[in-house]
J.: 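Below is one structure. I have some questions about it.
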Amino acid sequence: MKNVGCYLVTKGKFEQSVLPEKLLLQLVKHLREKGKETVHFSDYSIEVEGIYIPAKGSETKLMCLGDAE
């Protein structure tokens, strides 16, 4: 199983992470169904609202803005 580098979007910020492909796919499905999902790391947990996976060699810059409400 291959690991995938990604950024997990939480509270308007990007949390750099590396997840196994299978876990990443499960997270994507949960986000589509529920909108948010809690991800647990060894010493903390975050509530994920989205995922950003940059293409290899990409220099694209992104900004994540919270809901105006």
Side-chain angles (χ1 to χ4, degrees):
M1 186 177 304
K2 188 174 182 182
N3 290 330
V4 179
C6 63
Y7 293 88
L8 305 176
V9 182
T10 179
K11 296 181 181 179
K13 298 178 182 176
F14 290 90
E15 179 83 24
Q16 191 171 8
S17 183
V18 177
L19 300 174
E21 286 179 333
K22 186 176 180 179
L23 183 60
L24 183 60
L25 182 56
Q26 288 175 345
L27 179 58
V28 169
K29 289 178 181 179
H30 284 259
L31 291 174
R32 288 291 295 159
E33 294 170 3
K34 296 194 253 179
K36 293 182 181 181
E37 182 67 28
T38 302
V39 173
H40 304 281
F41 296 101
S42 60
D43 55 346
Y44 64 100
S45 299
I46 60 173
E47 187 173 46
V48 177
E49 304 165 345
I51 303 169
Y52 170 60
I53 303 172
K56 184 175 182 177
S58 174
E59 294 183 16
T60 301
K61 307 292 184 226
L62 292 179
M63 180 184 293
C64 185
L65 304 174
D67 192 350
E69 296 177 17

J.: Check side-chain hydrogen bond (donor to acceptor under 3.5 Å, both in side chains) between S45 and all other residues, then give those that pass, not counting sequence neighbours.
T.: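 So S45 forms a side-chain hydrogen bond (donor to acceptor under 3.5 Å, both in side chains) with H40.
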J.: In the single-linkage hydrophobic clustering (I, L, V, M, F, W, Y; side-chain heavy atoms under 4.5 Å), do I53 and V48 co-cluster?
T.: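 Yes, same cluster.
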J.: Do I51 and L8 pass the side chain to side chain contact (heavy atoms under 4.5 Å, CB included) test, and can you show the C-alpha distance, the side-chain angles, and the key distance before you say yes or no?
T.: CA-CA 5 Å; I51 303 169; L8 305 176; 4.1 Å; yes
J.: Which atom pairs, donor and acceptor, lie under 3.5 Å between side-chain atoms of residues 17-35 and protein residues at least two apart or in another chain?
T.:
unit_1: H30; atom_1: ND1; unit_2: E37; atom_2: OE1; d: 3.4
unit_1: K34; atom_1: NZ; unit_2: E37; atom_2: OE1; d: 3.0

J.: What residues, two or more places apart in sequence or in another chain, satisfy side chain to side chain contact (heavy atoms under 4.5 Å, CB included) together with K36?
T.: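 By the side chain to side chain contact (heavy atoms under 4.5 Å, CB included) rule, K36 matches E47, E49.
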J.: Which distance, rounded to the nearest 0.5 Å, do you find between the CZ of F41 and the CD of E15?
T.: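 Interatomic distance, F41 CZ to E15 CD, rounded to 0.5 Å: 5.5 Å.
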